[in-house]
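Beneath this line is the structure, given in structure tokens, with notes to follow.
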Amino acid sequence: MRKLISLSVLGCTMAMPAVASDWTHKDIADALHSIMEADRTVYTKLIVNRLQNQEKVIKASEHWKDDKALVLPAQMFRYGAEHVAEKGANFSYSLLSLWPVNKQNNAKTSVEKEGLKAVLGGDPYYKTEVLGGKKYFTAIYPDKAVAKACISCHNDHKDSPKKDFKMGDVMGGVVLRLPIK
Amino acid sequence: MARFVIRYRAWLVWLIASSALVAYFAYAIQTPEAARPFMPGKTTHAHHQIELQCMACHAEPFKGRAGIQEACLSCHAKELKAMDDSHPISKFTDPRNADTLAKLDARQCVSCHSEHKAEITRPMGVTLPDDFCVRCHADVDKERPSHKGMDFVSCATGGCHNFHDNRALYEDFLIKHGHGETVKTDAGLPERGLKEFMVYMEYLDGEPITAAQMDGRVELKPTPAVIQNWEHTAHAKAGVNCSACHQVKDKKTDQLVWLKKPDHQVCASCHQPEVDGFLAGMHGMRLKNGLSPMQPGMAEQPMKPSAAHKSLSCTSCHSAHSFDTRRAAVESCLSCHDDGHTRAYKSSKHFGLWHEEVKGRGAKGSGVSCATCHLPRVEFLTPEDEQRILVQHNQNDNLRPNEKMVRTVCLNCHGLQFSLDALADKKLVADNFRGVPKKQIESIRMALEAEQRGDARKADAVSDEE
């Protein structure tokens, strides 16, 4: 019996992709984030900033369906995260801020609170945390105002607690969690 | 062997008896009528029609709650998506919400809508105390000072918020539509356009045909009345011949055979979303779940005794061949339904408008029938990803909470404030809207005030910069 168990354990380890052994949680988180950041920047610059701010042909709106408008960059990001969750991926991510327009995006766990402050300096922040009895590797990356659209929309939004964002400011953070076995 | 039997007699009796019991139970939960003695308690109004079809919800008994959740979603997922659910499951699966889940597991429908618990079931089949919002939104007054001192029982009952569907209640919607007029000057319903859609998609050429071109004369032997009825319908005018409905492929032989009485599945070959709606609602859910058709005699709502044994199908409201949508929009309903709201309809202003339209004196789309509100014309995204206006045949889709009617129905003719007020006035609803709403729902005023305060804040920010 014991032989059987050790054999199956061996089987499992062998079945695991080779990369898992030499990629740390930090490496995986950084790689995932680089894709998220690229997509987010491209959407904001090529779609929202170009069509709304430069060419002025269509607006972006929270109520894009009713207003027949573009999806906000933050919504684009969240719908992606929800899609990933629905597909059953075992990591999760969200876009949060210390000055959230949507209060659901406020820092909630102590790691989020500490991390969002830390990333204001411009560097990512890494920590492990326990949520609902499970352990996670949590990485938080600064989310910067990369286009005029970012700051004009937030500064003008009636629910925004901060009205003086400037270009290049860290407006919030991308929080990414990987479960630790 | 005999010694064995004698020695283990008691065990054998036990074994046979329990196997028989298990077999009987397994049979019962899969056989509607035999299931009655096993019902743990009355189900809600929503599910009573199918309550003896245990497998409709308990198909995966070994999956526990997850199995039930799958069953809930198999019928309700589409509508939750369409209503832009304010509390979708995906909001709660993120580990950062683990503490919220500990207060209320919003990933499971049954956390709030438990079945078979009549004693604690409240409107909308909710089995939590009225003030459940407090569990997660206790500090709402910090973010929204205007909410200070409000009772958590009033979040939903005050006409301001719903847990799932806030499409007509969200702040910016209230601001955009403001108070609005009581009755709009351009009141009226949107036009359906199935024929145009079918022609556009090249499913039909849409050329009208006449009695001379009918193709089922020999096989179906239609009476002169049937021929005349058909010739006056949209079917004849769009080139839909006898064979389109009466000729189907036999599943075994793969040959085309003539069918005397086509069922809803045949209608679905052109009217799929309409039939889906019918099967999802109170008229068709028994058919959908493999039971005999719904009959008014089985209903919990007051029905006319004379209609008790009518079986519901497409043609019970849209009589075959004439397919008179006007009859289906009023007279068909009135032939079964017998509650106060229905009985008051013919003396309502809405009916007055309908009467004028039917008599040809009112403009097209100006009348208000039963269907105008309960089987409304809605914008629908077809499986081909095309937008078309169709009749939502699930009368429960906008029924509870009734603010779900605002967008698809009321706003066609009325302003937002008047609509919200009228729907919140129970007596007015019962009397089929004779009179004016007594109370004003506060949400629009609050949203407009919040917006003004926001403007003031913005002005402050600007002057700070200077």
Proximal component of Asn97(B), with respect to chain A [non-hydrogen, under 4.5 Å]: both
Measure distances from Tyr136(A) to the heavy atoms of chain B and classify the residue's part below 4.5 Å as side chain, backbone, both or neither. side chain
Out of His83(A), Lys134(A), Glu112(A), which one racks up the most heavy-atom pairs below 4.5 Å with chain B? Glu112(A)
Do the two ring centres, one from Phe173(B) and one from His63(A), sit under 6.0 Å apart? no
Of the listed residues (Glu62(A), Glu82(A), Lys108(A), Lys65(A)), which shares the most heavy-atom pairs with chain B below a 4.5 Å separation? Lys108(A)
Taking the six-membered ring for Trp, are the ring centroids of Phe197(B) and Tyr200(B) within less than 6.0 Å of each other? no
Between Ser92(A), Gly132(A), Ala81(A), who has the most heavy-atom pairs with chain B when the cutoff is under 4.5 Å? Ser92(A)
Just give me the residue among Thr93(B), Leu101(B), Asp94(B) that pairs up with chain A most often, heavy atom to heavy atom, under 4.5 Å. Asp94(B)
Aromatic Tyr43(A) / basic Lys45(A) pairing, under 6.0 angstrom, 45° off normal: no
Hey, is the main chain of Arg167(B) close enough, under 3.5 Å, to the side chain of Asp165(B) for a donor-acceptor pair? yes
Pair Asp186(B) + Lys184(B): basic N to acidic O under 4.0 Å: no
